Structures are given as C-alpha cells and as structure tokens.
Number of protein chains: 2
Amino acid sequence: MRVMTNSIPQTERRRDALSKERIVEAAIEILDSSGESGLTFRALAARLATGSGAIYWHVANKDELLAAATDHIVARVMAEMAKSPGPREAVRTIALGVFDAIDVHPWVGAQMQRAPWHTSMLQIFDSLGRQLEALGVPQAAQFDAATALLSYILGVAGQNASNARMHGQDPDRAGVLAKTAAHWAQLDAEEYPFVTKVAHQMNDHDDTAQFLAGIDLILAGIEALR
Amino acid sequence: MRVMTNSIPQTERRRDALSKERIVEAAIEILDSSGESGLTFRALAARLATGSGAIYWHVANKDELLAAATDHIVARVMAEMAKSPGPREAVRTIALGVFDAIDVHPWVGAQMQRAPWHTSMLQIFDSLGRQLEALGVPQAAQFDAATALLSYILGVAGQNASNARMHGQDPDRAGVLAKTAAHWAQLDAEEYPFVTKVAHQMNDHDDTAQFLAGIDLILAGIEALR
DNA sequence: ACCTGAACACCGTTCAAGT
DNA sequence: ACCTGAACACCGTTCAAGT
C-alpha cells in the first residue's frame with residue numbers, strides 16, 4: 001500500500017506563494033497608485049511580504065516586469081474590444097481602447113514607447129493593419145498607413161504618460177489646462193503667433209475628442225489613397 | 001587716483017571656467033557618444049575636470065540639463081530651416097528637420113516626449129501651426145490639426161530614441177531590419193495575419209520615407225477638411 | 001525548488017569646507 | 001562667487017546562506 005503524502009502538488013501552491021502572476025498584479029497596483037517612480041523592487045518586495053531577491057526567481061529584471069505588466073493591460077483591452085461594424089469604426093475603437101487604458105494606467109504609455117515592437121504592440125499593430133484592406137488601401141500602402149496610425153497612437157500615449165509623471169494623480173485637470181492656456185496667451189505674439197492664437201482653445205479642451213480628431217485626420221488621408 | 005585692479009571682469013572669464021554653456025555642450029557630447037545612460041553627473045564632472053557639485057552651481061538638476069541640451073539642438077534645427085515655397089513643403093521641411101536631428105541625437109526624441117510643452121517643442125508646434133492657415137484649414141480645426149502633426153512627430157521621435165537605446169550605435173541597421181522581418185514572417189499567421197503579410201516590406205525599408213509617408217497622410221487628411 | 005536579506009556597484013543631490 | 005569632494009539616501013541586481 002502506497003503512503004499518501006499530504007504535500008501539496010506542484011500545480012496547487014499555497015495561496016500566498018509567489019508567482020509571476022502575483023508579482024505582475026502587485027506591480028500594476030503600485031504603478032497605478034504611485035506611478036512609475038514608485039515601482040521599486042524594495043517596495044514590491046514589501047507589498048508581497050518577501051525579500052527583493054525572491055522576485056528575481058520569477059522575473060529576470062525590471063524590464064521584463066514592466067513588459068509583463070503592459071502585456072496584462074493591453075491583453076485586457078484587446079479582449080474587451082467589441083466587434084465593430086465597419087473598418088473605420090474598428091480603427092477608432094482600437095485607438096480609443098488604447099487611449100482609455102493609458103488614461104487609467106499612464107505608465108503603459110511610457111512602456112509602449114520603450115518597447116514598441118513587443119508582443120502587446122504587435123497585437124495592436126496587427127488589428128489596425130487588418131482594417132486597412134477593408135478600407136480599400138492598396139497593398140503597397142498598407143504598411144506605411146498602419147505604421148502612421150501606430151506612431152500617432154504612441155505619440156499621444158507618451159504625452160499622456162509624461163503628463164501623469166508631471167502632475168501625478170492631480171484631479172484638477174481643468175486647472176492645469178487653464179494654467180497652460182494662460183501661459184500660452186501671454187507669450188510673445190511675434191515669436192509664437194499660432195500658439196497665442198489658439199491659447200483659448202486649450203481651456204475648453206477635450207483630450208479624447210482631440211485624440212479622435214487626429215485619428216480621423218489620418219483615416220481621411222488613408223481614404224484619399226483610393 | 002583710483003587703483004586699477006587686474007582682476008578679470010565678470011563677463012570675461014578664464015577660458016576653462018565653468019558655465020552653463022560649457023556644461024550643456026559637454027552633456028551633448030556625452031549623450032551623443034554614450035547615450036542617455038552614459039550621462040551621469042560623475043561622468044560629466046570628470047570630463048569637465050571638476051567636482052560633481054560644481055555643476056549644480058550652474059544647473060538646477062538633471063531635468064534642467066536635459067531640457068537645455070534639447071533646446072540647443074532644436075534651436076539649431078529651427079535656425080537652419082530654409083524658407084520653403086509652399087505651406088505643404090514647409091510642414092515637410094520642419095518634420096524632416098526634427099526627424100534628422102533625432103536620427104543624429106536619438107536622446108532628443110526621449111526628451112521631447114518627457115517635456116512636450118517645453119520651449120523647444122512650442123517652437124516646433126508654432127511653426128507647424130503657422131502653415132495651416134495657408135493650407136486653408138478652418139480656424140476651428142487648426143488646433144487639432146497641429147496637435148495631430150506634433151503627436152505623430154513625437155511618436156516617431158520616441159520610437160527612434162528607444163531603437164537607439166536598444167541597439168546602441170549599431171551600424172548594422174539593415175541587419176536589425178532583416179532580423180525583425182524574419183521574426184515577423186515566422187509568427188502565427190492566424191494570430192498576426194497583417195504582420196506576417198507585411199513582414200517582407202520590413203527588409204527594403206526606408207525610415208525617412210516611411211516617416212514622410214505618415215506626414216503626407218495627415219496632410220492629405222488636413223487638406224480634405226477644406 | 002524557492003526564499004531571505006545583506007552586500008555591491010551604482011545613481012542624483014546636498015553641503016560643509018575651501019578659494 | 002564659485003568650486004571641491006565626501007556623504008546621504010536612494011536605486012537594480014547578485015548571491016551565499018537558508019528552508
């Protein structure tokens with residue numbers, strides 16, 4: 001008769017055992033609450049009630065940790081993406097999904113910039129590219145068009161990330177905009193004729209609407225290719 | 001009779017005296033040769049044959065140093081910009097000037113992302129915006145259009161910076177592209193139908209041409225606004 | 001196999017002490 | 001007024017030692 005051991009099988013660990021998943025989840029929580037500068041291996045180890053070296057057993061280094069955290073967010077975005085009727089709407093939906101995710105997790109924007117050809121970016125790139133055929137874009141132009149869309153999205157993503165870095169979790173978004181508008185308005189009109197002219201538009205300014213306006217501009221240019 | 005001191009007037013210092021200008025110049029040299037990670041106050045102090053604390057007498061902190069270095073590069077780009085005949089060409093010239101500067105100084109791309117509303121960025125933003133009137137863009141749409149152009153430029157800038165961070169001063173750009181193309185080609189065609197389709201285009205790939213193709217796409221969209 | 005936590009080799013920044 | 005360089009408070013990462 002074989003003796004049954006009461007040891008826990010390898011696939012079924014203690015609730016509080018360390019794993020890459022738990023580490024990534026904790027990292028995302030720290031990134032969301034304390035920003036990019038708040039994520040240190042010491043802070044992460046403290047939250048997981050372990051030593052900083054233990055994390056290195058599951059994760060190679062900080063780059064891999066940030067990449068895994070970004071993958072986690074992007075995967076969720078792509079999964080929740082409802083099928084859209086037309087290709088034009090699909091592109092807007094993808095772009096908006098990324099934009100909203102970065103609004104909630106600004107550090108994702110910085111990470112996307114840092115590793116633009118990582119898996120999570122390739123998923124977005126591919127789903128953008130898939131729509132271009134349906135839009136009637138010639139084969140030869142599809143690559144450039146998809147790259148343009150992705151570059152624009154990454155540009156806005158990076159700016160949102162740096163805004164968050166600068167102003168933290170500042171709830172007074174309107175106040176920041178008003179301050180910028182006032183600063184622009186008082187610039188030398190000889191040196192900055194355009195900025196002084198559009199300064200007032202900074203006040204009643206909708207980030208999301210402006211982002212979509214840019215997407216529409218590129219889409220209009222793409223449709224002109226036919 | 002007043003005694004003439006032989007002390008050097010304040011405006012005319014010793015050749016090797018420290019100054020913000022000399023510090024910024026040295027910082028740019030280090031950034032160009034060793035990349036962003038090479039610029040430390042210790043390395044900078046060593047190159048200037050002084051103590052690290054001395055730098056802080058002329059520069060508040062590392063952020064100010066990076067901003068000043070970026071201003072220096074951007075100012076040169078904007079100054080060398082020849083007047084272009086039409087507004088369409090002017091936008092392309094500005095964009096190309098920024099693109100080329102970032103090609104030589106990839107760290108500028110990262111810094112532009114970090115501080116998008118700094119003086120040097122405002123100059124670019126303004127000179128882009130000035131062309132839109134001549135393009136016949138309605139007043140209400142000019143702000144969005146200029147922002148879209150800048151966001152796209154910043155997006156490409158950030159990607160170039162991260163490429164440089166990854167591959168350093170790697171002269172084998174073609175080899176890197178070939179490697180990426182090979183990687184894309186062997187991806188699962190079910191999961192990445194678009195990426196696998198365009199993989200071969202990564203091989204004979206011209207960064208500058210692709211960047212300008214994106215600018216032209218946005219310009220075509222802008223011209224459709226009339 | 002996995003975890004601990006001290007130790008190492010760095011950072012940016014400060015500051016008492018010099019000239 | 002400007003410079004020096006040791007010191008401080010951090011980092012990411014490693015690794016001998018534990019379980």
Side-chain angles (χ1 to χ4, degrees), chain A residues 5-28 30-31 34-70 107 110-111 114-115 165-166, chain B residues 5-28 30-31 34-70 107 110-111 114-115 165-166:
Chain A
T5 69
N6 63 354
S7 71
I8 302 162
Q10 287 196 341
T11 49
E12 205 180 305
R13 298 218 187 78
R14 292 200 336 278
R15 240 263 178 82
D16 58 341
L18 225 47
S19 69
K20 186 165 176 179
E21 278 170 35
R22 276 194 67 228
I23 291 170
V24 170
E25 272 168 33
I28 290 173
I30 292 176
L31 285 163
S34 314
E36 294 166 70
S37 65
L39 182 66
T40 68
F41 276 80
R42 282 161 180 73
L44 192 54
R47 175 178 276 253
L48 292 164
T50 182
S52 62
I55 297 165
Y56 281 91
W57 185 261
H58 302 274
V59 163
N61 51 38
K62 195 168 182 178
D63 277 348
E64 189 188 305
L65 181 59
L66 283 167
T70 303
W107 51 272
Q111 181 56 25
R114 214 166 289 137
R165 219 178 287 133
M166 200 129 72
Chain B
T5 68
N6 64 352
S7 71
I8 302 163
Q10 287 197 340
T11 49
E12 205 180 305
R13 297 215 188 80
R14 292 201 335 280
R15 241 261 178 82
D16 58 339
L18 225 48
S19 68
K20 186 164 176 180
E21 277 170 36
R22 278 194 65 228
I23 292 170
V24 169
E25 273 168 34
I28 289 173
I30 293 176
L31 285 163
S34 314
E36 294 165 71
S37 64
L39 181 65
T40 68
F41 276 80
R42 281 161 181 69
L44 192 54
R47 175 177 275 255
L48 293 165
T50 182
S52 62
I55 296 166
Y56 281 92
W57 184 262
H58 302 274
V59 162
N61 51 39
K62 194 168 183 178
D63 277 349
E64 190 189 304
L65 181 60
L66 283 166
T70 303
W107 50 273
Q111 181 56 25
R114 216 166 287 137
R165 216 178 288 131
M166 202 130 69

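Because the structure is predicted, anything quoted here is derived from the model rather than measured. In the text below, chain A, chain B and the rest are named by the order of the sequence lines, each starting its count at 1.
- From A:Leu44, atom CG reaches atom CG of A:Leu39 across 6.0 Å, with rounding to the nearest 0.5 Å.
- Using Watson-Crick or G-U wobble geometry with both donor-acceptor distances under 3.5 Å, D:dA17 finds no partner in any strand shown.
- Among the atoms of the strands shown, none is found under 4.0 Å from any heavy atom of A:Leu65.
- To the nearest 0.5 Å, atoms OG1 (A:Thr40) and NZ (A:Lys62) are separated by 7.0 Å.
- Nucleotide D:dG12 forms a Watson-Crick or G-U wobble pair with C:dC8, both donor-acceptor distances falling under 3.5 Å.
- For B:Glu36 and C:dG12, the CD to C1' distance is 16 Å, given to the nearest whole Å.
- Base pairing of C:dC3: no nucleotide in any strand meets the Watson-Crick or G-U wobble criterion (both distances under 3.5 Å).
- The shortest distance between the side-chain N/O atoms of B:Trp57 and the OP1/OP2 oxygens of D:dC2 is below 4.0 Å.
- To the nearest 0.5 Å, atoms CD1 (B:Ile55) and CZ (B:Arg22) are separated by 10.5 Å.
- Among the protein residues, B:Leu39 comes within range of the sugar-phosphate backbone only, with heavy atoms under 4.0 Å from sugar or phosphate atoms but none that close to a base.
- One finds a salt bridge joining A:Glu64 and A:Lys20 here, because a Lys/Arg side-chain nitrogen approaches an Asp/Glu carboxylate oxygen to under 4.0 Å.
- With values rounded to the nearest 0.5 angstrom, A:Glu25 atom CD is found 10.0 Å from A:Leu48 atom CG.
- Using a cutoff of 4.0 Å between basic side-chain nitrogens and carboxylate oxygens, A:Glu36 and A:Arg114 are scored as salt-bridged.
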Short N/O separations, protein against nucleotides 13-19 of chain D, under 3.5 angstrom:
{"unit_1": "D:dT13", "atom_1": "OP2", "unit_2": "A:Tyr56", "atom_2": "OH", "d": "3.0"}
{"unit_1": "D:dT13", "atom_1": "OP2", "unit_2": "A:Lys62", "atom_2": "N", "d": "3.0"}
{"unit_1": "D:dT13", "atom_1": "O5'", "unit_2": "A:Tyr56", "atom_2": "OH", "d": "3.2"}

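- Remark: C1' of D:dC3 and CZ of B:Arg22 are 13 Å apart, rounded to the nearest angstrom.
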